[in-house]
Amino acid sequence: MLIKIKKPWELSENDVTSVGNYKTRRDFIKAAGIVTAAGMMAPYGALARTLTAAANPYDGRDIKEELTDKRAILGYNNYYEFGMDKSDPSDNAHSLITVPWSITVDGHCEKPGTYGVEDLIDFNALEERIYRMRCVEAWSMVIPWVGVSLSEIIKKLEPTSKAKYVYFETLEDEAQMPALLRGVIKWPYKEGLRMDEAMHPLTLMAVGIYGETLANQNGAPLRLVVPWKYGFKGVKSIVKISFWEDEPNTSWMRLAPHEYGFYANVNPEVSHPRWSQAKERRIGDFSRRPTLKFNGYGEEVASLYAGMDLRKNY
Ligand SMILES: Nc1nc2c(c(=O)[nH]1)N[C@H]1C(S)=C(S)[C@@H](COP(=O)(O)O)O[C@H]1N2
Ligand SMILES: [Mo]
């Protein structure tokens with residue numbers, strides 16, 4: 001079921017050519033109702049069909065931004081396990097086997113164990129969320145994700161009072177990930193959030209994109225989306241969720257601690273040591289646009305960082 005109440009952070013689709021097809025297909029999806037795809041990669045094949053949208057969920061929202069072209073979202077990626085060029089993930093990620101998939105949960109919680117994707121994600125409660133995504137490299141997109149709030153997953157796992165942070169890991173498998181041997185990162189890819197960030201309603205665990213099952217290059221079968229943070233916080237193809245008392249040391253912090261911090265909140269005022277973050281290139285645009293603090297989600301999330309020095313906590 002799609003969320004029907006409009007929140008101020010919800011983006012709308014604008015009327016562009018690439019979106020035209022999408023709208024048509026969405027209407028088709030609506031008409032199809034729930035689960036018809038015979039034999040199509042269940043349970044993920046059922047995903048598109050669970051998007052039983054209300055009449056027009058995009059009417060009357062405040063923010064109007066064009067969705068980024070689907071070909072760019074699926075073809076211009078960062079997923080270093082499959083190579084470092086933007087086209088490498090879409091060229092190579094077909095070797096990733098996403099069904100079956102299991103996620104190990106451990107640390108400070110009442111429900112540790114090994115879970116399948118469908119144990120953690122309620123496929124009857126999927127929502128579509130259109131979010132801006134801002135990469136630390138100063139480009140951005142507007143992406144229609146499909147998923148559930150991470151908080152829904154965390155509640156099922158019952159973290160204890162000792163759990164102050166959530167830690168995530170991507171799969172590490174040389175057989176499926178050709179670039180692991182060449183990569184700059186010490187694998188597996190590691191990320192984390194403070195518990196209040198993880199529980200924030202904007203924080204999404206995505207299983208789909210553009211109304212369809214998540215493509216491998218976008219982090220199938222499940223990946224994190226934290227729209228007010230730089231894209232690298234959005235750890236892909238998650239195989240581990242841990243509840244920690246201490247702040248995780250993430251992949252990018254390990255690699256270049258003076259360049260990448262734990263918080264990684266989008267902030268035009270705090271430059272990367274090698275480039276300014278004041279502007280960004282929206283993929284598909286000719287000219288650059290100003291970067292928005294907290295990627296435009298400050299109204300919702302700025303209070304999480306009240307009293308914190310955002311220059312020190314970059
Ligand atoms: N495992 C893993 N997750 C990752 C990355 C990666 O290289 N490996 N790149 C990150 C970066 S830098 C960005 S900008 C986003 C890109 O997500 P997208 O390709 O779905 O747009 O994924 C993030 N998650
Ligand atoms: Mo990124």
Side-chain angles (χ1 to χ4, degrees), residues 67-93 95-96 98 101 103 129-147 167-174 176-180 182-193 203-210 212-241 248 250-256 259-261 264-267 272 274-275 277 280-284 291 295:
L67 291 180
T68 300
D69 192 295
K70 187 179 172 182
R71 286 164 297 186
I73 295 177
L74 271 63
Y76 186 92
N77 302 95
N78 278 332
Y79 197 165
Y80 280 12
E81 289 87 331
F82 294 97
M84 292 182 64
D85 288 342
K86 293 288 182 280
S87 57
D88 284 342
S90 54
D91 285 347
N92 299 329
S95 54
L96 180 68
T98 60
W101 189 268
I103 302 116
R129 304 269 188 95
I130 300 175
Y131 284 161
R132 285 177 286 269
M133 185 180 82
R134 171 62 157 78
C135 176
V136 74
E137 299 162 342
W139 51 267
S140 64
M141 296 187 182
V142 176
I143 304 182
W145 300 104
V146 178
Y167 166 83
F168 303 90
E169 268 177 22
T170 296
L171 177 74
E172 177 188 11
D173 183 357
E174 284 164 19
Q176 299 179 56
M177 297 169 146
L180 280 192
R182 288 176 275 127
V184 287
I185 293 174
K186 192 176 173 299
W187 314 106
Y189 194 96
K190 302 172 174 67
E191 260 306 335
L193 294 172
T203 304
L204 191 74
M205 187 66 89
V207 295
I209 211 163
Y210 259 102
E212 291 170 356
T213 303
L214 207 54
N216 288 355
Q217 60 268 29
N218 296 104
L222 76 172
R223 65 86 58 82
L224 190 67
V225 180
V226 194
W228 71 93
K229 292 180 179 283
Y230 291 118
F232 68 80
K233 296 297 288 185
V235 46
K236 294 179 169 183
S237 308
I238 294 167
V239 292
K240 184 167 187 160
I241 302 177
T250 68
S251 288
W252 290 101
M253 292 165 75
R254 282 164 201 244
L255 193 69
E259 297 189 349
Y260 306 104
N265 293 317
V266 175
N267 193 340
H272 186 283
R274 289 182 279 130
W275 59 85
Q277 295 290 23
E280 65 194 55
R281 186 170 64 91
R282 176 67 51 83
I283 300 298
T291 290
N295 207 19

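Numbering of ligands and ligand atoms starts at 1, following listing order.
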Would Trp252 and Tyr230 count as a close aromatic pair, with their ring centres under 6.0 Å?
no
For Ser140 and Arg134, does a side-chain donor sit closer than 3.5 Å to a side-chain acceptor?
no
Please list, chain by chain and in numerical order, all residues satisfying side-chain hydrogen bond (donor to acceptor under 3.5 Å, both in side chains) with Lys240, sequence neighbours excluded.
Asp106
Partners passing side chain to side chain contact (heavy atoms under 4.5 Å, CB included) against Thr170 (at least two apart in sequence or in another chain):
Tyr79, Glu81, Met177, Tyr189, Val235, Ser237
Dump the pairs for me: ligand 1 N or O, protein N or O, distance under 3.5 Å, to 0.1 Å.
{"unit_1": "ligand 1", "atom_1": "1 (N)", "unit_2": "Glu81", "atom_2": "OE2", "d": "2.9"}
{"unit_1": "ligand 1", "atom_1": "1 (N)", "unit_2": "Thr170", "atom_2": "OG1", "d": "2.9"}
{"unit_1": "ligand 1", "atom_1": "3 (N)", "unit_2": "Lys236", "atom_2": "N", "d": "3.3"}
{"unit_1": "ligand 1", "atom_1": "7 (O)", "unit_2": "Tyr80", "atom_2": "N", "d": "2.8"}
{"unit_1": "ligand 1", "atom_1": "8 (N)", "unit_2": "Glu81", "atom_2": "OE1", "d": "2.8"}
{"unit_1": "ligand 1", "atom_1": "9 (N)", "unit_2": "Asn78", "atom_2": "O", "d": "3.2"}
{"unit_1": "ligand 1", "atom_1": "17 (O)", "unit_2": "Arg223", "atom_2": "NH2", "d": "3.1"}
{"unit_1": "ligand 1", "atom_1": "17 (O)", "unit_2": "Lys236", "atom_2": "NZ", "d": "3.4"}
{"unit_1": "ligand 1", "atom_1": "19 (O)", "unit_2": "Asn77", "atom_2": "ND2", "d": "2.8"}
{"unit_1": "ligand 1", "atom_1": "19 (O)", "unit_2": "Lys236", "atom_2": "NZ", "d": "2.7"}
{"unit_1": "ligand 1", "atom_1": "20 (O)", "unit_2": "Asn218", "atom_2": "ND2", "d": "2.9"}
{"unit_1": "ligand 1", "atom_1": "20 (O)", "unit_2": "Arg223", "atom_2": "NH1", "d": "2.8"}
{"unit_1": "ligand 1", "atom_1": "24 (N)", "unit_2": "Gly234", "atom_2": "O", "d": "2.8"}

Tell me, please, which residues at least two apart from Asn78 pass side-chain hydrogen bond (donor to acceptor under 3.5 Å, both in side chains).
Lys86, Glu137
Supply the atom-to-atom distance Ile238 CD1 to Arg223 CZ, rounded to the nearest 0.5 angstrom.
8.5 Å
